[in-house]
Amino acid sequence: MARALTARSDRFAADARIDEVSVDGRFVLAYQCALDLMNATLALVDPQATRRRGTHAKRIEACSASLPGSAELFRRIDLSRQARNLVVYSGHGTQAAVLERLLDDIASLRTLVRDLSEGRTA
C-alpha cells in the first residue's frame with residue numbers, strides 16, 4: 001500500500017510543478033501529494049490507522065502521535081491543510097511562498113517514508 005501511495009504522490013508532485021497551472025491549483029495538487037505521503041507513512045507505522053475512516057486532520061494527528069520526532073513537520077502540514085481548505089472551500093487564493101513551503105515539506109515527508117520503508121526509524 002505504501003508503495004502505491006508513494007507512486008501516486010509522485011504524479012501529484014510532478015503536476016504541482018507545472019508552471020502553467022495556477023498557484024492555487026498547484027497548491028491543491030501538492031497538498032494531495034502530502035496527503036498520500038502521510039497515508040503511506042501511516043501504512044508503514046500504524047497499518048490499522050489507514051483502515052479507520054477519518055478526516056485529514058485525524059490522519060495528521062495519527063502521524064504526529066506515531067512519529068513524535070516529526071511533530072513539527074506534521075504541524076506545518078496541518079497549516080497547509082488549513083490553507084488548502086481556504087482555497088477549496090472559501091475561494092481564497094494562496095501565495096507562491098506557501099506552495100514552496102509545502103513542496104519543501106513534501107521532500108521531508110518523502111525522505112521520512114523512504115527511511116521508514118527501509119527500516120530506519122524517524
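- With Tyr31 as the partner, the side-chain hydrogen bond (donor to acceptor under 3.5 Å, both in side chains) test is satisfied by one option alone out of His56, Arg81, Arg84: His56.
- A distance-only check finds no donor-acceptor pair linking the side chain of Asp36 to the backbone of Thr6 [under 3.5 Å].
- The environment of Gln95 atom CD is sparse: at most 12 non-hydrogen atoms of other residues, nucleotides or ligands sit within 6.0 angstrom.
- Between Phe27 and Ser22 the shortest side-chain heavy-atom distance does not fall below 4.5 Å.
- Using a 4.5 Å heavy-atom cutoff, the side chains of Ser117 and Leu44 are in contact.
- Residues Met38 and Phe74 have side chains in contact (heavy-atom distance under 4.5 Å, counting atoms from C-beta outward).
- A salt bridge does not link Asp104 with Arg76: every distance from a Lys NZ or Arg NE/NH1/NH2 to an Asp or Glu carboxylate oxygen is 4.0 Å or more.
- Looking only at side-chain heavy atoms (C-beta outward), Leu79 and Arg75 come within less than 4.5 Å of each other.
- For the side chain to side chain contact (heavy atoms under 4.5 Å, CB included) with Arg101, the lone residue among Leu99, Val98, Leu103 that qualifies is Val98.
- The number of heavy atoms from other shown groups lying within 6.0 Å of CZ (Arg3) does not exceed 12.
- When all heavy atoms of Ile18 and Arg26 are compared, the closest pair comes out as O-CD, 3.2 Å.
- No donor-acceptor pair under 3.5 Å is formed between the side chain of Ser70 and the backbone N or O of Leu73.
- A donor-acceptor pair is defined here as one N or O able to donate and one able to accept, closer than 3.5 Å; no such pair exists between the side chain of Ser66 and the backbone of Cys63.
- A side-chain donor-acceptor contact under 3.5 Å links Thr41 to the backbone of Leu37.
- Both Val45 and Leu109 belong to a common hydrophobic cluster when Ile, Leu, Val, Met, Phe, Trp and Tyr are linked at side-chain heavy-atom distances under 4.5 angstrom.
- Taking the side chain as every heavy atom from C-beta outward, Arg8 and Cys33 never approach each other to under 4.5 Å.
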